[in-house]
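Reckoned from all heavy atoms, side chains included, excluding hydrogens, waters and symmetry mates. Below, chains carry the letters A, B, ... as their sequence lines are ordered, and counting in each starts from 1.
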Protein chains: 2
Amino acid sequence: MTTIIDVAKKAGVSKSTVSRVVSKNGYVSDATRQKIEQAMDDLGYIPNMLARNLQSGLTKTIAFISHDFNQYTSIFLNAFTKTALKHDFYVNLYVTGGDKEKELDALNLMKYKQVDAVFIFTRSNSWDDIKPYRKYGPISTWHRIDSPDIYSSYVNQYDSYLMSLEFLANRGYRTIGHILGFDNNKNTLARINALDYFYEQHPELEKKEEWIFLNSKHRQTGRNIARKWHKAPNKPDCLVFYTDFIAAECISELQLLGYSIPENVGIMGFDNNAISEIIHLTTVDCHLETQAFNCFNYLYSELKKTEFTPIEITQDLVIRSSTK
Amino acid sequence: MTTIIDVAKKAGVSKSTVSRVVSKNGYVSDATRQKIEQAMDDLGYIPNMLARNLQSGLTKTIAFISHDFNQYTSIFLNAFTKTALKHDFYVNLYVTGGDKEKELDALNLMKYKQVDAVFIFTRSNSWDDIKPYRKYGPISTWHRIDSPDIYSSYVNQYDSYLMSLEFLANRGYRTIGHILGFDNNKNTLARINALDYFYEQHPELEKKEEWIFLNSKHRQTGRNIARKWHKAPNKPDCLVFYTDFIAAECISELQLLGYSIPENVGIMGFDNNAISEIIHLTTVDCHLETQAFNCFNYLYSELKKTEFTPIEITQDLVIRSSTK
DNA sequence: TTGTACGCGTTATCAA
DNA sequence: TTGATAACGCGTACAA
């Protein structure tokens with residue numbers, strides 16, 4: 001490996017002069033610059049990032065923490081990495097598999113100077129356990145959390161859920177099944193509030209407690225709901241899911257059971273994932289790309305000490321043929 | 001930031017002794033070890049990875065290069081990151097957007113000592129342009145390439161394509177449309193050979209040149225094929241795609257046009273992606289997880305100078321309801 | 001405009 | 001078993 005010193009010797013100058021050329025800092029006369037560039041070419045010199053990082057204490061790398069990296073993660077990940085690339089930042093992946101310890105290890109990487117900042121896609125630890133890591137570097141997430149320590153690009157799911165339910169009521173659906181996420185999650189709580197308000201406003205609609213599902217996991221939930229619906233004597237005429245992937249699973253299973261969508265039951269999702277267009281799913285587009293953009297830019301502005309103004313996120317109904 | 005020197009002072013020893021404790025190299029008496037561990041705890045000492053990396057010249061990081069990170073990438077990425085985690089390696093993402101320069105930049109990271117090895121998911125440069133980078137570190141890919149410089153976990157698509165076509169012929173399909181990938185790709189060439197052989201063996205089946213599509217891009221191709229099929233006077237009774245996502249798009253568009261699968265046309269894919277089960281797609285499972293496993297383990301064994309024995313990859317027909 | 005000297009935090013070598 | 005000292009490769013005051 002050729003170092004800055006080799007170049008210096010070859011060009012007959014000191015290594016600091018070479019450093020100035022390489023890092024484009026400080027003054028170097030054209031003549032010596034020429035000599036040095038020549039020497040660098042001759043020797044095939046490549047600056048060593050490791051040494052640079054040690055010197056600067058920075059890595060230009062951001063950790064992306066997630067339970068895993070499936071098709072559900074990919075929209076967000078894709079937008080995040082593209083934004084990072086524009087700013088010359090690297091993205092490092094940390095799979096936790098839902099393990100609390102692994103998640104903290106990843107957070108610790110900021111202390112270890114392995115990364116400059118952290119984005120949290122999915123978490124296992126409580127926000128209170130995560131917050132203290134703010135002192136080692138900025139943290140952002142797309143989950144809903146109100147804290148000065150952690151930036152959140154959340155969308156108001158109270159509004160969007162109410163919008164979804166009003167839409168379904170308008171379309172003539174009378175009994176709605178609700179598949180909700182984890183109740184340690186502010187988004188879920190917002191949805192529950194929206195749901196309560198909705199039924200207050202619509203006394204003509206029946207609120208069936210047995211068709212309100214909390215804490216739904218990702219895998220297989222959709223298929224389970226479908227089978228439950230299949231067997232139920234009193235079936236709701238519509239099912240609303242908190243995320244498109246579960247809705248997709250449910251539709252898939254319903255089709256296997258011989259049902260048609262929306263003839264037999266209406267299905268509505270939330271996210272507008274890549275899969276949603278394929279399966280004609282009515283959903284709400286919450287602009288994950290923009291959220292990812294905001295999440296990266298917050299981290300970037302914190303690191304660069306610049307002003308951060310997020311792009312406002314709208315929520316748009318995407319009407320397809322999974323609802324009548 | 002507390003350094004090894006702070007710990008040394010606090011514990012009243014030299015920094016080399018502390019280093020021995022931290023790195024678990026060399027002998028330290030129990031008494032002093034106790035003192036040092038106490039001091040580390042008191043000060044909340046965290047070793048600095050950057051300094052370690054500089055010293056060792058290694059980063060324990062592998063670059064994952066891809067045009068982008070969509071749902072199509074995610075199966076592979078997920079398996080790759082999980083395998084890496086097991087070996088305590090980090091995965092760094094490099095989006096190229098199909099840009100040749102950006103791709104070479106990413107390859108260059110090995111020179112810069114930013115990463116130890118590289119995995120190529122999608123590429124823009126020719127293999128001949130990529131090979132020279134081998135001298136900076138090991139390279140692997142899942143694409144088909146026969147070279148001592150680059151490890152490839154490819155599956156033999158000649159075999160799997162022939163298997164698919166025989167299956168379709170057995171099911172009674174008479175005219176088959178073929179949607180193939182790029183012809184700068186050995187997989188595609190293998191498929192073309194399989195296709196030729198297949199029609200030689202089945203003179204009773206008509207080979208329609210106008211229903212053989214080469215160089216099909218990812219986005220929108222499936223929908224275009226569907227519309228072409230819709231308008232065509234003589235429609236093939238079956239369409240075979242080189243990847244599930246395009247098949248999924250095609251099914252989606254056919255449904256919008258009012259057709260049913262497999263009543264109006266049979267559809268067959270390749271990959272067995274996450275989406276495939278959802279849409280009941282008959283396909284070939286080429287075990288991407290195992291391929292990712294092999295690709296990582298090759299890189300790992302090259303870095304560690306250990307023996308590498310890949311897990312053999314089988315190709316299994318997954319029969320669902322998109323074919324009769 | 002250039003060179004000297006030191007610091008970044010760690011590990012490795014050698015002597016004690 | 002421990003400590004002093006020299007690497008690792010680069011950046012940067014400060015002086016010249």
Specify whether A/H87 and A/Y300 have parallel, tilted or perpendicular ring planes, treating 30° as the upper limit for parallel and 60° as the lower limit for perpendicular.
->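 Because their plane-to-plane angle lies in the 30° to 60° range, the rings of A/H87 and A/Y300 count as tilted.
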Could you check whether the rings of B/W142 and B/F121 sit parallel, tilted or perpendicular, using 30° and 60° as the cut-offs?
->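 Parallel: the ring planes of B/W142 and B/F121 meet at under 30°.
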Using atom types as modelled and distance alone, determine if a side-chain donor or acceptor of A/S124 lies under 3.5 Å from a backbone N or O of A/K100.
->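 No, A/S124 side chain to A/K100 backbone: no donor-acceptor pair under 3.5 Å.
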With distance as the sole test, does A/S147 use its side chain to make a donor-acceptor pair with the main-chain N or O of A/I145 at under 3.5 Å?
->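 Not at all, since once roles are kept as given, no pair shorter than 3.5 Å links the two residues.
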Tell me, please, which residues at least two apart from [X] pass salt bridge (charged side-chain N to carboxylate O under 4.0 Å, His left out).
X      : answer
B/K82  : A/D68
A/R134 : A/E302
A/K186 : A/D146

Just to be sure I understand the geometry, which residues of [range] put a non-hydrogen atom under 4.0 Å away from DNA chain C?
range                     : result
residues 22-30 of chain B : B/S23, B/N25
residues 32-62 of chain A : A/T32, A/L54, A/Q55
residues 5-20 of chain A  : A/V13, A/S14, A/K15, A/S16, A/T17, A/R20

Between B/T73 and B/H67, is a side-chain hydrogen bond (donor to acceptor under 3.5 Å, both in side chains) present by the stated rule, with each step listed?
-> CA-CA 9 Å; B/T73 325; B/H67 286 189; over 6 Å; no
Contacts of A/F293 meeting side chain to side chain contact (heavy atoms under 4.5 Å, CB included) (sequence neighbours excluded), chain-then-number -> A/T83, A/N297, A/I311
Do the two ring centres, one from A/F119 and one from A/F76, sit under 6.0 Å apart?
->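 Close enough - the centres of the two rings lie under 6.0 Å apart.
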Examine A/F308 together with A/Y151 and report whether their ring centres are nearer than 6.0 Å.
->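 Between A/F308 and A/Y151, the centre distance is under 6.0 Å.
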Residue pairs meeting salt bridge (Lys or Arg N to Asp or Glu O under 4.0 Å), one or both in residues 101-128 of chain B, sequence neighbours left out, come to B/D128-B/K131
Provide the full list of salt bridge (Lys or Arg N to Asp or Glu O under 4.0 Å) pairs with a residue in residues 51-61 of chain A, sequence neighbours left out, each pair given once.
->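 For residues 51-61 of chain A: none.
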Is it the case that A/S19 and A/S16 place a side-chain donor and acceptor less than 3.5 Å from each other?
-> no
Axis deviation across the helix from C/dT1-D/dA16 to C/dA16-D/dT1, five-pair ends, to the nearest 10° =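 Answer for the end axes of this duplex: 40°.
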Contacts under 3.5 angstrom, residues 38-51 of chain B side chains, donor-acceptor by atom type, not counting sequence neighbours:
from, atom 1, to, atom 2, distance (Å)
B/N48, OD1, B/L50, N, 2.7
B/N48, OD1, B/A51, N, 3.2

What are the bounds, 5' to 3', of the part of DNA chain D that sits under 4.0 Å from heavy atoms of chain B?
->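 Listing 5' to 3', DNA chain D meets chain B from D/dT1 to D/dG9.
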